[in-house]
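Below, chains carry the letters A, B, ... as their sequence lines are ordered, and counting in each starts from 1.
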Number of protein chains: 2
Amino acid sequence: MSNNHNVTSVKGEEYLKGIAIDIVIFGFNENQLKVLLLEYKSTGLLGLPAGYILKNENLNDAARRVVSERTSLKDIFIEQFYVFGDTSRHDTKPIKKILSAEGASTQPDHWLLDRFISVGYFALVDFKKVIPQPDQISNNCQWYDLSDLPNIMLDHNLIIKKALETLQTNLDSKLIGFNLLAETFTMAELQSVYETILNKKLQRTAFQRKMLSLAILERVAKRMTGGAHKAPYLYRFIKNETL
Amino acid sequence: MSNNHNVTSVKGEEYLKGIAIDIVIFGFNENQLKVLLLEYKSTGLLGLPAGYILKNENLNDAARRVVSERTSLKDIFIEQFYVFGDTSRHDTKPIKKILSAEGASTQPDHWLLDRFISVGYFALVDFKKVIPQPDQISNNCQWYDLSDLPNIMLDHNLIIKKALETLQTNLDSKLIGFNLLAETFTMAELQSVYETILNKKLQRTAFQRKMLSLAILERVAKRMTGGAHKAPYLYRFIKNETL
DNA sequence: TTAATATTGTAACATATTGAGACAATATGT
DNA sequence: ACATATTGTCTCAATATGTTACAATATTAA
């Protein structure tokens, strides 16, 4: 699981050249969407979790590997959403800064200083299960509020924006919101996920009726919440039995 | 516009290595979806129009360039739909066959024999405006019925399948079907496009009511069709004025 | 010239879906 | 025991969609 090769070495021979994977890892906590970011050592630079593709590795497996390495989770929901391939992305300044901080070579033929095409993925994870892990060249890996993001290096703010747009578009049709919650959840929690992603209030009763009509939820038990009110049911997402 | 460099040369130095673009060019004629395919010289192999990215070229521009070269059109609707990056795609047999037929080198370090990641695009074009153009290493470029496709090399049948699925999914939400028709069209023609893509019959009156309610169609004039019946209106697609 | 025919545009009605409010049920705190 | 907040479900209104009907009309046939 751990790298035994230094990504900052001049050649990067284990990896396909010119192709990177950038991953927007979404979490959900306290009615807020969160994004996992790395802080590169001694540079103040922030970046999305990223990685490269091993020469005999499937693209999707590489994306899963990167998510696993940063979150300590496995079996994660990921989805490709866009490939970023404009020439204007090719900005060597932050890369040089990161390499310098590592004491690595910044000679022009360093593989990381070439132009890269980035395949954008997003991942939806259970916030509470994640144990953030910095990578080799960062000293910090932590959650940031999506609604209050700092400046992130290169075009990563744009990548997050596009990821969110895709998530919003696909939320209803692909029924993927459940991946942000624990195994069991209340209808109110699910509604909060939807409201936060779509950035609008939803009708409580209509939401409940619709979700139940989809026949994708299994009622598990009542939960005693400790609140001064009726206890809600807990639900579990029923995976599509045709798969 | 024309290549002054031979893609079959060993180095392919003008292009980014390891990244290809495969394009599913959809046309619509006689109530059928069509796909443009190339036949490689003296090999019997069929393939999707494909290309590589020039070192200082935007990814999307490269895709547009390839579509333009094969169709003789410009200003074409294209959309990324998936990146194909499984290791199982790496099958050098058909590539060697094509290179051999060209009299080109098939030594193992030929750049085209490396593993490639393919960015899949689909394009929607006006069938009647297209003048198919073979590329440098093919001797034929022609339309095939989507419903009766031959075997195509590598994973290109799969790529077409995925392109169609994306087209079906996005047809209503992104209002892109118009790109398959001429500048003006009848409601019946538009309905036929929808029915063919979605592979199901639609209710005539409900379809008309819905399309008109979207406020994206401008009525142009009546057309005398030569048929023994009432003449239909012609419509034009109104591009979103907020863009 | 007139009638027959096929298709078009729109209206009308039925049915289905969604929006919005009402209300009983119920854990907990007072 | 009562007050309070939230939940689950019901009802009715508003909207959207499915379906049928029918007048309008460009051509062909009589």
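Using cut-offs of 30° and 60° for the angle between ring planes, the B:Phe237 and B:Phe178 rings count as parallel. Using the six-membered ring where Trp is involved, B:Phe77 and B:Phe122 have ring planes that are tilted, between 30° and 60° apart.
Following rounding to the nearest Å, B:Met211 (CE) and C:dT8 (P) show an atom-to-atom distance of 16 Å. At whole-Å resolution of the value, CZ in B:Phe207 and C1' in C:dT7 are 16 Å apart. Note: CG (A:Leu202) to C1' (C:dA20) measures 14 Å, nearest angstrom.
Note on B:Lys210: a side-chain N or O is less than 4.0 Å away from OP1 or OP2 of D:dT17.
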Are A:Ile160 and A:Leu149 close enough, and set up right, to give a side-chain contact (heavy atoms from CB on, under 4.5 Å), and what steps lead you there? CA-CA 10 Å; A:Ile160 293 171; A:Leu149 286 178; 3.9 Å; yes
Decide yes or no on side-chain contact (heavy atoms from CB on, under 4.5 Å) for A:Phe185 and A:Val220, but give the supporting numbers first. CA-CA 9 Å; A:Phe185 46 85; A:Val220 179; over 6 Å; no
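Along DNA chain D, the nucleotide nearest to A:Gln208 and the one nearest to A:His229 differ in position, and the one closer to the 5' end is contacted by A:His229. Sequence order on DNA chain D of the closest nucleotides to A:Leu212 and B:Ala231 puts A:Leu212 first from the 5' end.
When each of D:dG8, C:dG21, D:dT19 is scored by its nearest atom to the side-chain atoms of B:Gln203, the top-ranked nucleotide is D:dT19. Listed nucleotides D:dT9, D:dT19, C:dT10 differ in distance to B:Ala206; the shortest reach to its side chain belongs to D:dT19. The side chain of B:Arg209 approaches C:dA12 more closely than any other nucleotide in the set C:dT8, D:dT9, C:dA12. The B:Lys230 side chain lies nearest to C:dT7 when the options are C:dT10, C:dT7, C:dA27. Of the listed nucleotides (D:dG8, C:dT10, D:dG18), D:dG8 has the atom at the smallest distance from the side chain of A:Tyr233.
Put simply, the side chain of B:Lys41 gets close to the backbone of B:Gln136: a donor and an acceptor are under 3.5 Å apart. Using a distance-only test at 3.5 Å, with no hydrogens or angles considered, no donor-acceptor pair links the side chain of A:Asp145 to the main chain of A:Ser147. When atom types are taken as modelled, the side chain of B:Arg236 and the backbone of B:Thr184 share no donor-acceptor pair closer than 3.5 angstrom.
For the residue pair A:Asn139/A:Tyr40, the side-chain donor-acceptor check at 3.5 Å is not satisfied.
A donor and an acceptor atom sit less than 3.5 Å apart, one in the side chain of B:Thr205 and one in the base of D:dT20. Put simply, the side chain of B:Arg204 and the base of C:dG9 share a donor and an acceptor less than 3.5 Å apart.
Within residues 185-192 of chain B, the residues that place at least one heavy atom under 4.0 Å from DNA chain C are, in residue-number order, B:Ala188.
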Paired and unpaired positions of DNA chain C as dot-bracket, Watson-Crick or G-U wobble under 3.5 Å, | denoting a partner strand: ||||||||||||||||||||||||||||||
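Annotation: cation-pi geometry satisfied between B:Arg219 and B:Tyr233 (NZ/CZ under 6.0 angstrom from ring centroid, within 45° of ring axis).
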